[in-house]
Amino acid sequence: MNNAPAILKSLVIYAVCVPLAVIVGYTLTDPMDYSTFAYAGVLVLILIFPLLLRWHYPLLLFSLNASVYMFFIKGRPEMWIVMVALSLGISLLERAMNSQMQFIRVPQMNWPLVCMLAVVVFTAKLTGGFGMRSFGSDVGGGQKYIWLTVGILSYFALTARRIPPERAGWYLGLFLLGGITRAIGELYPITPSFLHFIFWLFPPGAFDPTQSFELGVTRLGEVSLAASAFVFWLAARYGLRGIFLSGKLWRPVIFIVASMMIFLGGFRLTLLSYLFTMGLMFYLEGLHRTRAMMVFVMMGMLGIVIIIPLASHLPFTFQRSLAFLPLNISLEARQAAEGSSEWRIEMWKALLPQVPHYLLLGKGYAISAEDFQNMGRDVAFHSVDPSQQGLALAGDYHNGPLSVVIPFGIWGVIVFLWFMIACSRAMYCNFRYGDESLRTINTYLWASFLFLSFRFLFLYGTMTGDGRVFAMTAGFSIALNGGVCRPVPQPVQARQSMVHPAKILPRARPAFQR
């Protein structure tokens with residue numbers, strides 16, 4: 001006997017699958033066309049949507065520091081941009097369907113971020129719009145608006161839920177160890193050609209094909225950043241006390257090996273970030289008040305004694321990383337480091353006179369065709385060579401304050417300072433009053449934020465890049481601690497009522513009653 005419901009179900013499945021297979025097969029006739037990727041991407045998104053509903057938040061944490069490009073989407077956005085949009089959208093959908101799903105409310109953080117979004121939107125509207133040349137627009141620069149906007153939204157995506165304290169170590173690993181993916185791109189020169197499809201997802205590093213690959217000479221900047229991510233994870237997971245004073249030999253050995261790999265990039269700023277963050281953690285953990293202080297001082301002095309005579313014999317990337325110290329390094333390494341500093345200073349001198357013109361209305365990020373033609377005649381770039389003109393025009397000033405005031409004027413400066421003050425207060429409170437089980441992680445986040453603020457204001461910074469880092473660091477701290485921690489109120493002791501001395505001392509009898 002025929003089963004009518006089963007037959008009807010099969011017909012429905014065939015009615016959906018067969019036309020879908022025909023459409024997909026037709027689009028795949030031109031597999032490298034972006035429309036093909038779009039159809040395939042939508043189909044894959046539908047198929048994996050149940051997995052995203054379950055794992056979108058861990059994927060968001062992993063993507064924030066990972067270097068993964070969505071090559072099948074037009075414009076090749078990075079994975080974190082896509083995951084912030086998906087995770088925030090899913091969280092809003094869950095909030096609409098279930099009133100018990102609440103975002104972590106921190107008004108002192110929400111308001112400056114909302115105001116920053118308003119400043120970005122109004123500046124873009126008044127200075128040329130959100131055009132993107134990759135989508136055929138005559139105006140470029142829209143990619144920076146997307147980076148900044150999605151970077152701000154990453155805070156709200158992270159604070160959509162509380163990170164369970166018992167799984168803090170797992171989520172911390174996802175958040176920090178995603179940076180290890182940066183090292184994959186540096187493997188391009190030594191990877192067989194049949195495996196080059198890997199680099200569709202993991203972009204290769206800035207390697208010059210005309211030069212031979214030589215370890216210690218070729219600057220492996222992404223490997224240096226990956227090593228920093230691993231070192232910071234160790235410090236945040238175990239603390240310096242747990243690394244060196246726990247009695248587990250593998251921890252200091254791995255920590256030292258990863259620390260040495262930071263020198264492979266040849267970047268002074270990466271080394272300074274490592275030294276300052278570890279120094280702040282050493283102080284915040286209170287190790288300067290223990291016997292470990294003398295041990296670390298002796299180790300530091302021993303390292304200096306070894307480095308001073310051997311500095312000129314170290315590999316080139318090591319020497320370039322140490323160029324900020326008064327050491328006897330090679331002339332090539334010294335000139336490379338000083339040249340990098342000089343062109344930044346020259347760029348800042350050329351741009352500083354333009355600041356008053358952009359105080360009320362910022363320049364924005366829009367780049368028109370006329371800008372490319374007139375950049376050589378623009379008075380803002382007279383003292384800057386052509387390579388620096390391109391950086392200045394694109395808004396890559398390599399200076400934190402300039403990257404805020406020139407694109408967004410005085411309004412951007414006010415809102416950004418407001419946001420940094422709110423971040424400082426929230427992260428300090430979580431460090432000072434947070435749960436004891438999260439003490440080590442909160443110590444790292446506070447130390448990292450302090451150095452990021454110092455670097456942004458005085459050394460190097462970009463509004464689009466560092467603004468996202470500030471937002472996601474504060475968002476992770478708030479999600480980890482369930483908000484901004486407050487000091488635990490001390491129980492108030494009940495005041496004892498005063499008793500008159502006459503009620504305590506025995507009353508004397510009158511003489512006539514004796």
Side-chain angles (χ1 to χ4, degrees), residues 60-68 77-81 83-84 87 109 112-113 116-117 120 143-159 171-172 174-182 221-222 224-226 228-233 235-236 267 269-270 272-274 276-277 280 395-404 407-408 412 415-424 426-428 430-431 441-442 444-480:
L60 168 68
L61 289 171
F62 172 78
S63 67
L64 288 175
N65 285 303
S67 178
V68 182
E78 294 186 59
M79 181 182 178
W80 70 269
I81 295 177
M83 284 310 306
V84 167
S87 182
M109 291 290 300
L113 288 171
M116 179 59 70
L117 285 175
V120 171
Q143 188 180 32
K144 289 185 177 294
Y145 286 120
I146 293 177
W147 284 346
L148 184 55
T149 303
V150 180
I152 294 172
L153 293 178
S154 67
Y155 167 83
F156 297 100
L158 284 168
T159 56
Y171 282 96
L172 175 71
L174 289 174
F175 182 65
L176 293 179
L177 293 180
I180 294 180
T181 58
R182 296 180 176 275
E222 300 300 320
S224 177
L225 294 176
S228 297
F230 184 76
V231 168
F232 291 153
W233 171 77
F267 290 103
L269 194 60
T270 307
L272 286 173
S273 174
Y274 165 79
F276 272 74
T277 304
L280 286 171
D396 294 329
Y397 308 124
H398 289 66
N399 181 279
L402 287 179
S403 69
V404 178
F408 302 107
V415 175
F416 193 78
L417 287 177
W418 180 15
F419 168 63
M420 288 190 65
I421 293 172
C423 283
S424 301
M427 299 190 68
Y428 173 76
N430 288 339
F431 159 72
I441 301 178
N442 284 327
Y444 164 75
L445 293 175
W446 176 233
S448 175
F449 179 82
L450 287 176
F451 176 74
L452 285 172
S453 302
F454 175 79
R455 187 194 70 180
F456 182 84
L457 294 174
F458 301 106
L459 298 179
Y460 168 86
T462 61
M463 177 66 168
T464 53
D466 291 325
R468 173 176 72 93
V469 176
F470 285 130
M472 71 183 191
T473 304
F476 183 78
S477 176
I478 290 174
L480 183 68

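If you're wondering where the values come from, they're calculated on a predicted model, not measured in any experiment. Position 1 is the first residue of the sequence, and the numbers go up from there.
- Relative orientation of the F476 and F175 rings is parallel, given thresholds of 30° and 60° on the angle between their planes.
- Closest heavy-atom contact between M463 and L148: O-CD1, 3.8 Å.
- In this structure, L117 and L153 have side chains that are in contact, with non-hydrogen atoms separated by less than 4.5 Å.
- Using modelled atom types, no side-chain atom of S448 and backbone atom of Y444 make a donor-acceptor pair closer than 3.5 Å.
- Rounded to the nearest 0.5 angstrom, M472 CE and N65 CG are separated by 4.0 Å.
- Taking each heavy atom of M116 and V415 in turn, the nearest pair found is N-CG1, 3.5 Å.
- In this structure, CD1 in I441 is found 11.0 Å from CH2 in W233, a value given to the nearest 0.5 Å.
- Taking the six-membered ring where the residue is Trp, the centroids of F456 and F416 are separated by under 6.0 Å.
- The two residues L158 and A479 make their nearest non-hydrogen contact at O-CB, 3.4 Å.
- With hydrogens and angles ignored, the 3.5 Å screen pairs no side-chain donor or acceptor of S273 with any backbone N or O of L269.
- Put simply, the side chain of T181 gets close to the backbone of G178: a donor and an acceptor are under 3.5 Å apart.
- When all heavy atoms of Y171 and L61 are compared, the closest pair comes out as CD2-CD1, 2.9 Å.
- Atom CE of M420 and atom CG of D466 lie 9.0 Å apart (nearest 0.5 Å).
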Worked verdict on V150 versus W80 for side chain to side chain contact (heavy atoms under 4.5 Å, CB included): CA-CA 9 Å; V150 180; W80 70 269; 3.7 Å; yes
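- In this structure a side-chain-to-backbone donor-acceptor pair under 3.5 Å is present from R468 to L64.
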Side chain to side chain contact (heavy atoms under 4.5 Å, CB included) between N442 and L480, intermediate numbers included: CA-CA 9 Å; N442 284 327; L480 183 68; 4.1 Å; yes
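- Taking CG of L113 as the reference point, atom CZ of F470 lies at 12.5 Å (rounded to 0.5 Å).
- The main-chain N or O of A474 is never found under 3.5 Å from a side-chain atom of S477 such that the two would form a donor-acceptor pair.
- Contact of the Y155 side chain with the I478 side chain is registered, since non-hydrogen atoms from C-beta on lie closer than 4.5 Å.
- Smallest separation of non-hydrogen atoms from Y274 and V231: CE1-CG1, 3.5 Å.
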Derivation of the side chain to side chain contact (heavy atoms under 4.5 Å, CB included) call for L445 and F431: CA-CA 8 Å; L445 293 175; F431 159 72; over 6 Å; no
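- Atoms OH and OG1, from Y397 and T462 in turn, are 12.0 Å apart once rounded to the nearest 0.5 Å.
- If you take OH on Y460 and CG on N399, they are separated by 10.5 Å, rounding to the nearest 0.5 Å.
- The aromatic rings of W446 and F449 sit parallel to each other, their planes meeting at less than 30°, with 60° as the upper class boundary.
- The minimum heavy-atom distance linking V469 with L452 is given by the pair CG1-CD1, 3.5 Å.
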